[in-house]
Amino acid sequence: MTRLKLAIQKSGRLSEDSLALLERSGLKFARSKDKLFWYGETLPIDLLLVRDDDIPRLLLAGVCQLGIVGGNVAQEKVLSEKASPDLQPLLRLGFGRCRLMLAAPEGGPIRGVNDLEGKRIATSYPALTQQYLENAGVRSDVVFLNGAVEIAPSMGSADAIVDLVSTGTTLRANHLEVIDEVLSSEAGLYRCPNPLSSEAERLIQTLLTRIEGVQQAQEAKYVMMHAPKAKLSEITALLPGAETPTVLSLEGNDDRVALHAMCTEQVFWEHLEELKKAGASAILVLPVEKMLA
Ligand code: PRT
Ligand code: ZN
């Protein structure tokens with residue numbers, strides 16, 4: 001029987017969210033402490049727990065058929081290995097968001113990419129940085145550093161850096177400011193580029209459909225209320241991302257009905273207040289656990 005291997009980060013910023021997403025999608029694993037391999041108990045999909053930097057290579061080599069990794073790591077690997085075909089995310093996962101930024105000393109002479117001509121730029125992303133510079137037609141000296149990139153300018157070993165930023169605290173602490181964005185990134189579900197058996201493809205499709213269902217359910221709310229019959233269209237229009245609602249009659253009440261609707265966008269207090277103003281009452285907002293479109 002076909003079994004797939006899915007690589008996730010063993011311990012780091014993406015680990016918890018990756019595992020939580022898979023578990024919410026109905027995957028359960030027989031965990032083996034310390035080991036890198038967890039057996040899939042509910043679907044024939046096993047987990048490989050590795051360093052995030054290894055995931056693109058495992059996918060390109062076909063050792064793993066699936067992987068969850070940041071776009072920054074996937075694109076850097078594809079560029080540096082000139083991999084063809086490259087890696088494209090099957091799904092963006094909405095966590096691990098960050099931006100690869102060009103940053104330079106606060107108030108210094110570097111104000112834009114064109115000021116980088118002949119300068120030294122420290123980064124852990126040399127291929128993405130090189131591509132960014134080439135696109136801008138600028139020639140600079142790209143210095144590879146495996147960590148602590150943000151201290152390179154104050155140490156005098158670089159004039160600017162290209163590094164990941166999420167809150168910007170690290171940059172500020174090192175008296176650096178953002179000059180330009182090189183890449184915007186989030187975690188994605190990736191697959192190996194080579195074709196697989198039809199059984200494997202079906203399994204991937206099952207996983208995709210489930211993850212999409214989890215993603216939709218995260219935002220979705222089931223909203224119930226009583227509403228005046230005469231105001232149904234006005235009230236439906238106030239519901240965020242609602243499709244045709246279900247309307248049920250209320251025993252012994254000819255003027256009002258029960259209205260149920262699935263809202264696919266976030267429902268805020270403001271929405272409820274508007275609904276009440278329009279004549280709705282007994283408004284209930286319920287979380288949605290699973291969805292299968
Ligand atoms: O051990 P392993 O190799 O698996 O892990 P790692 O140390 O290489 O990666 P890890 O766990 O730090 O990050 C994994 C992935 O998370 C990255 O490849 C990105 O896709 C994503 N991610 C999201 C981030 C950040 N946000 C982030 N802020 N990765 C790193 N950072 C760094 C940033 O470079 C800065 O130095 O965190 C520091 C704090 O950022 P600020 O801006 O909030 O101060
Ligand atoms: Zn890493």
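In what follows, residues are counted from 1 in the order of the sequence shown. Every number for a ligand or one of its atoms is a count from 1 in the order of the listing.
Of the heavy atoms in Val149, none comes closer than 4.0 Å to ligand 1. Residue contacts with ligand 1 for Asn72 involve side-chain atoms from C-beta outward but no N, CA, C or O (heavy atoms, distance under 4.0 Å). Of the heavy atoms in Arg97, only backbone atoms (N, CA, C, O) come closer than 4.0 Å to ligand 1.
From the protein, the heavy atom lying nearest to atom 25 (C) of ligand 1 is Arg13 CD, 3.6 Å. Looking only at heavy atoms of the protein, atom 26 (N) of ligand 1 is closest to Cys98 CB, 3.5 Å. Closest to atom 14 (C) of ligand 1, if we only count protein heavy atoms, is Asp52 OD2, 3.4 Å. Remark: minimum distance from atom 28 (N) of ligand 1 to any protein heavy atom is reached at Ser166 OG, 2.9 Å.
The two residues Leu133 and Ser140 come nearest to each other via the heavy atoms CD2-OG, 3.7 Å. Scanning both residues, Leu87 and Pro193, for their nearest heavy atoms gives CD2-CD, 4.0 Å. Between Leu238 and Ala278, the shortest heavy-atom contact is CD1-CB, 3.8 Å.
Residue Leu102 is not grouped with residue Ile151 when hydrophobic side chains (ILVMFWY) are merged at heavy-atom distances under 4.5 angstrom, including chains of intermediate members. Under the 4.5 Å side-chain contact rule for hydrophobic residues, Leu48 and Leu14 do not share a cluster. Connection of Tyr190 to Leu47 is not established within any shared hydrophobic cluster, with ILVMFWY side chains joined at heavy-atom distances below 4.5 Å, either directly or through further cluster members.
Of the N and O atoms on the side chains of Asp86 and Gln88, at least one donor lies less than 3.5 Å from an acceptor on the other residue. Between the side chains of Ser281 and Arg256, a donor-acceptor pair is found at a separation under 3.5 Å.
Close contacts between ligand 1 and Thr167 involve ligand atoms 41 (P), 42 (O), 43 (O), 44 (O) [criterion: under 4.0 Å to a heavy atom]. Atom numbering of ligand 1 starts at 1 in the shown order; those under 4.0 Å from a heavy atom of Gly70 are 20 (O). Every atom of ligand 1 is numbered from 1 in the order shown, and the set under 4.0 Å from a heavy atom of Gly12 is 11 (O). Distances below 4.0 Å separate heavy atoms of Val165 from the following atoms of ligand 1: 42 (O). In summary, the atoms of ligand 1 found under 4.0 Å from a heavy atom of Gly96, numbered by their order in the structure, are 21 (C), 23 (C).
Some N or O of Gly168 is nearer than 3.5 Å to an N or O of ligand 1, by distance alone. Annotation: Thr170 places an N or O atom under 3.5 Å from an N or O atom of ligand 1; distance criterion only.
Among protein atoms, those of element N, O or S found less than 2.8 Å away from the Zn ion (ligand 2) are Asp52 OD1, Asp53 OD1.
Here the side chain of Glu219 pairs no donor or acceptor atom with the backbone of Glu265 at under 3.5 angstrom. Put simply, the side chain of Ser80 never gets that close to the backbone of Ala127: no donor and acceptor are under 3.5 Å apart. The backbone N or O of Val50 lies less than 3.5 Å from no partner atom in the side chain of Asp54, so there is not a single donor-acceptor pair. A distance-only check finds a donor-acceptor pair linking the side chain of Asp115 to the backbone of Gly112 [under 3.5 Å]. With hydrogens and angles disregarded, a donor-acceptor distance shorter than 3.5 Å links the side chain of Lys229 to the backbone of Asp254.
Atom 7 (O) of ligand 1 lies below 4.0 Å from none of the non-hydrogen atoms of the protein.
The residue from Leu164, Val73, Val69, Leu14 that puts a heavy atom closest to atom 33 (C) of ligand 1 is Leu164. Taking each of Gln9, Lys10, Glu186, Arg99 in turn, the one with a heavy atom nearest to atom 5 (O) of ligand 1 proves to be Gln9.
By the 30° and 60° cut-offs, the orientation of the rings of Trp38 relative to Phe29 is tilted.
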